[in-house]
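I have placed the structure first, in the form of structure tokens, so that the comments after it can refer back to it.
Predicted model, so just to flag it, every value in this text is computed and none were measured.
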Amino acid sequence: MVVAGPTVMLGYWGREPHHGPYRTGDIACRDESGELNYVGRRDGMVKVRGHRIELGEIEAAIASLDSVAEVAVLVVGSGLGARLHAVAVPTSGAGRPSLLGVKRHSAERLPTYMIVDRLHLVDDLPRTANGKTDRAWLTAAVEKGTL
């Protein structure tokens, strides 16, 4: 989505004001009636607890644990009910990561609002046909309680 206008993007703190159209990073589409509907983001940026969060930062912090081979962080729910869930593949032979251990480790590297609420352990992360982590599948599984 690209927006433009006199009140759009006055600038980031300490930088010059932005001029001209601004690429938001949001993805939207028009429905049959011509209304614009929000679909998602082009990146891993989400808003949780009133803060913009890059999910990759949380994933990097959790992945730095010796007991985590691979991890995906998801937002489950919306508004005040939005929660951060980590789905992790334990490292073979390194012991299983615990929610408390992940929280302690993350607290040394991240602000409080970026610490995950739940931890789900899996043997492998599901993949899309392109080989990327299937976040939609993981989110649906967490919402159904099947992970």
Side-chain angles (χ1 to χ4, degrees), residues 1-65 67-90 96-122 124-147:
M1 182 171 7
V2 179
V3 295
T7 62
V8 174
M9 194 59 191
L10 297 176
Y12 287 105
W13 181 256
R15 291 188 175 171
E16 292 294 316
H18 181 84
H19 298 286
Y22 173 70
R23 295 185 181 283
T24 66
D26 296 314
I27 299 171
C29 66
R30 293 201 186 274
D31 62 18
E32 303 82 39
S33 63
E35 290 197 26
L36 198 59
N37 292 297
Y38 176 78
V39 175
R41 298 259 323 155
R42 291 184 54 186
D43 54 20
M45 184 75 66
V46 296
K47 192 166 187 181
V48 176
R49 302 177 184 126
H51 299 276
R52 288 193 181 272
I53 296 172
E54 178 65 51
L55 294 177
E57 288 184 54
I58 302 170
E59 291 170 350
I62 296 171
S64 69
L65 275 163
S67 59
V68 174
E70 195 174 10
V71 64
V73 175
L74 318 163
V75 177
V76 177
S78 61
L80 296 175
R83 297 292 177 257
L84 293 168
H85 288 244
V87 181
V89 176
R96 296 172 61 84
S98 68
L99 178 59
L100 183 58
V102 167
K103 285 181 176 250
R104 282 184 179 150
H105 184 78
S106 297
E108 296 171 358
R109 292 158 176 76
L110 301 168
T112 306
Y113 60 85
M114 291 175 73
I115 296 175
V116 296
D117 300 294
R118 297 286 311 273
L119 175 65
H120 308 271
L121 300 178
V122 295
D124 292 302
L125 292 178
R127 303 286 178 193
T128 65
N130 296 334
K132 295 182 179 182
T133 301
D134 193 339
R135 293 175 182 279
W137 188 94
L138 285 172
T139 301
V142 169
E143 288 172 341
K144 290 182 210 170
T146 58
L147 268 190

Please answer whether the main-chain N or O of Leu110 pairs with a side-chain N or O of Ser106 as donor and acceptor at a distance below 3.5 Å.
-> no

Measure the shortest side-chain to side-chain distance between Arg135 and Leu74 over non-hydrogen atoms and say whether it is less than 4.5 angstrom.
-> yes

Which atoms form the tightest heavy-atom contact between Ala86 and Val116, and what is the distance?
-> CB-CG1, 4.0 Å

Drop me the distance from Arg83's CZ to Ser78's OG, to the nearest 0.5 angstrom.
-> 11.0 Å

Taking atom OG of Ser64 and atom CD of Glu59, what is their separation to the nearest 0.5 Å?
-> 12.5 Å

In a check of side chain to side chain contact (heavy atoms under 4.5 Å, CB included) between His85 and each of Leu119, Val75, Val142, which one passes?
-> Val142

Counting only heavy atoms not in Leu36, do more than 12 sit closer than 6.0 Å to its CG atom?
-> yes

Does the His105 side chain pair with the main chain of Ala61, one donor and one acceptor, at a distance under 3.5 Å?
-> yes

Nearest-0.5 Å distance, CD of residue Glu143 to CG of residue Leu138 = 11.0 Å

Heavy atoms, side chains only, cut-off 4.5 Å: are Leu121 and Pro97 in contact?
-> yes

Measure the shortest side-chain to side-chain distance between Arg127 and Thr133 over non-hydrogen atoms and say whether it is less than 4.5 angstrom.
-> yes

State, to 0.1 Å, how close Trp137 and Leu147 come at their nearest heavy-atom pair, and which atoms those are.
-> CZ3-CD2, 4.3 Å

Backbone N or O of Ala136 within a donor-acceptor pair of the Thr139 side chain at under 3.5 Å?
-> no

Are Val68 and Val89 side-chain neighbours, meaning at least one heavy-atom pair lies under 4.5 Å?
-> no

Which residue pairs pass the salt bridge (charged side-chain N to carboxylate O under 4.0 Å, His left out) test with at least one member in residues 100-119, sequence neighbours excluded?
-> Arg49-Asp117

Quick one: closest heavy-atom pair of Ala82 and Val48, and the distance?
-> O-CG1, 4.1 Å

